[in-house]
Amino acid sequence: MAELTLDLRDLPKSDAYDQLSAQAGAVLEGIADPIAAMATLSALLHHGFGHLWTGFYRVVEPGRLLRVGPYQGTLGCLEIVFGRGVCGTAAAEGRSVVVPDVHAFPGHITCDARSASEIVVPVFAAGGELIAVLDIDSDRPAAFDDEDRVGLERLVEWFAAHTAVESSYGRADPSRS
Ligand code: SME
């Protein structure tokens, strides 16, 4: 499969995201499993762009706690509380956060000291509930901009379109809903 991972580094970003989105759609054809999709998107994004860390933090306690999901890169921290770090901020506010300089972001959580910039995009299910965030780190300063935000937000629309969250995620405690 290695030869099927596109190298997107020399393309204009909008073309890169178009190609990646088309490839993800083809690879995930017939799949409605969010974990399989998180693993697949992490691999395609990580190797396609040559990022430092690419992966998902899943909402395991709505409004309170994120836990690491499928990712590519060095060891990620296991849990992040809503409101903490870049991931927790994106989760708490339900919006994408682009950080050109991680050292200037109050409360940034350092998992890999080489990280210089970061983007975190919220992932919503069909009903509008937050199910995860997509976190990407780069060792280059200001690696991410609005084109990345738009491209990644479009990519994670896959989850709202394809996954049945209640059955696939199996909320542990039904009394929460
Ligand atoms: N830097 C993130 C934590 C996750 S790691 O980068 C993989 C944050 O501040 O939320």
Side-chain angles (χ1 to χ4, degrees), residues 1-58 66 68-76 85-87 89-91 93-105 108-126 130-163:
M1 284 287 283
E3 70 279 7
L4 295 180
T5 302
L6 299 171
D7 185 345
L8 304 167
R9 281 171 284 203
D10 293 330
L11 294 177
K13 282 184 179 177
S14 59
D15 293 349
Y17 284 108
D18 282 351
Q19 287 200 20
L20 192 127
S21 177
Q23 192 188 15
V27 174
L28 293 171
E29 175 79 42
I31 296 289
D33 177 333
I35 300 296
M38 289 177 191
T40 300
L41 293 177
S42 296
L44 292 177
L45 282 164
H46 191 76
H47 298 289
F49 285 101
H51 294 311
L52 182 66
W53 197 95
T54 311
F56 290 82
Y57 281 90
R58 299 163 300 122
L66 299 165
V68 77
Y71 68 91
Q72 301 266 324
T74 52
L75 189 65
V86 187
C87 291
T89 299
E93 298 179 8
R95 64 175 180 90
S96 298
V97 180
V98 179
V99 182
D101 174 5
V102 296
H103 306 293
F105 189 92
H108 171 259
I109 300 164
T110 304
C111 295
D112 187 320
R114 294 170 297 170
S115 178
S117 61
E118 180 167 356
I119 184 169
V120 180
V121 173
V123 178
F124 299 104
L130 182 77
I131 57 167
V133 297
L134 167 61
D135 176 18
I136 306 179
D137 286 57
S138 174
D139 56 4
R140 291 178 295 120
F144 307 104
D145 57 23
D146 218 46
E147 278 195 297
D148 296 283
R149 181 186 62 74
V150 169
L152 294 169
E153 286 176 354
R154 282 218 190 102
L155 205 58
V156 300
E157 283 173 7
W158 184 93
F159 293 89
H162 293 91
T163 64

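Side chains included, hydrogens not; waters and symmetry mates left out as well; all remaining heavy atoms used. In this text the structure is predicted, and so the values were computed from the model without any measurement.
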(message) Once ring pair (Phe, Tyr, Trp, His ring centres under 6.0 Å) is applied, do any residues pair with W158, and if so which ones, sequence neighbours excluded?
(response) H162
(request) Output all residues satisfying side chain to side chain donor-acceptor pair (under 3.5 Å) with T74, sequence neighbours left out; order by chain, then residue number. (result) D112
Extract all donor-acceptor atom pairs below 3.5 Å that involve side chains of residues 131-140 and protein atoms in other chains or at least two apart in sequence.
from, atom 1, to, atom 2, distance (Å)
D137, OD2, S115, OG, 2.8
S138, OG, R140, N, 2.9

(request) With sequence neighbours excluded, tell me which residues meet side chain to side chain donor-acceptor pair (under 3.5 Å) with H47. (result) Q72
(message) My understanding is that only residues two or more places apart in sequence, or in another chain, count here; which of them pass side-chain contact (heavy atoms from CB on, under 4.5 Å) with D7?
(response) R9
(message) Show me the pairs that pass side chain to side chain donor-acceptor pair (under 3.5 Å) and involve residues 21-32, at least two apart or across chains.
(response) none
(request) Using the test side chain to side chain donor-acceptor pair (under 3.5 Å), find all partners of Y17 that sit at least two apart in sequence or belong to another chain. (result) D148
(request) Would you please name every residue forming a salt bridge (Lys or Arg N to Asp or Glu O under 4.0 Å) with D10, sequence neighbours left out? (result) none
(message) So, using side-chain contact (heavy atoms from CB on, under 4.5 Å) as the criterion, who are the partners of T40 when residues are at least two apart?
(response) V27, L28, L44
(message) Restricting to side-chain contact (heavy atoms from CB on, under 4.5 Å), what partner residues turn up for A22, sequence neighbours left out?
(response) none
(message) List the residues meeting side-chain contact (heavy atoms from CB on, under 4.5 Å) with A16, not counting sequence neighbours, and say none if there are none.
(response) L8, L11, F49
(message) For E93, give me all partners under side chain to side chain donor-acceptor pair (under 3.5 Å), at least two apart in sequence or on another chain.
(response) R95
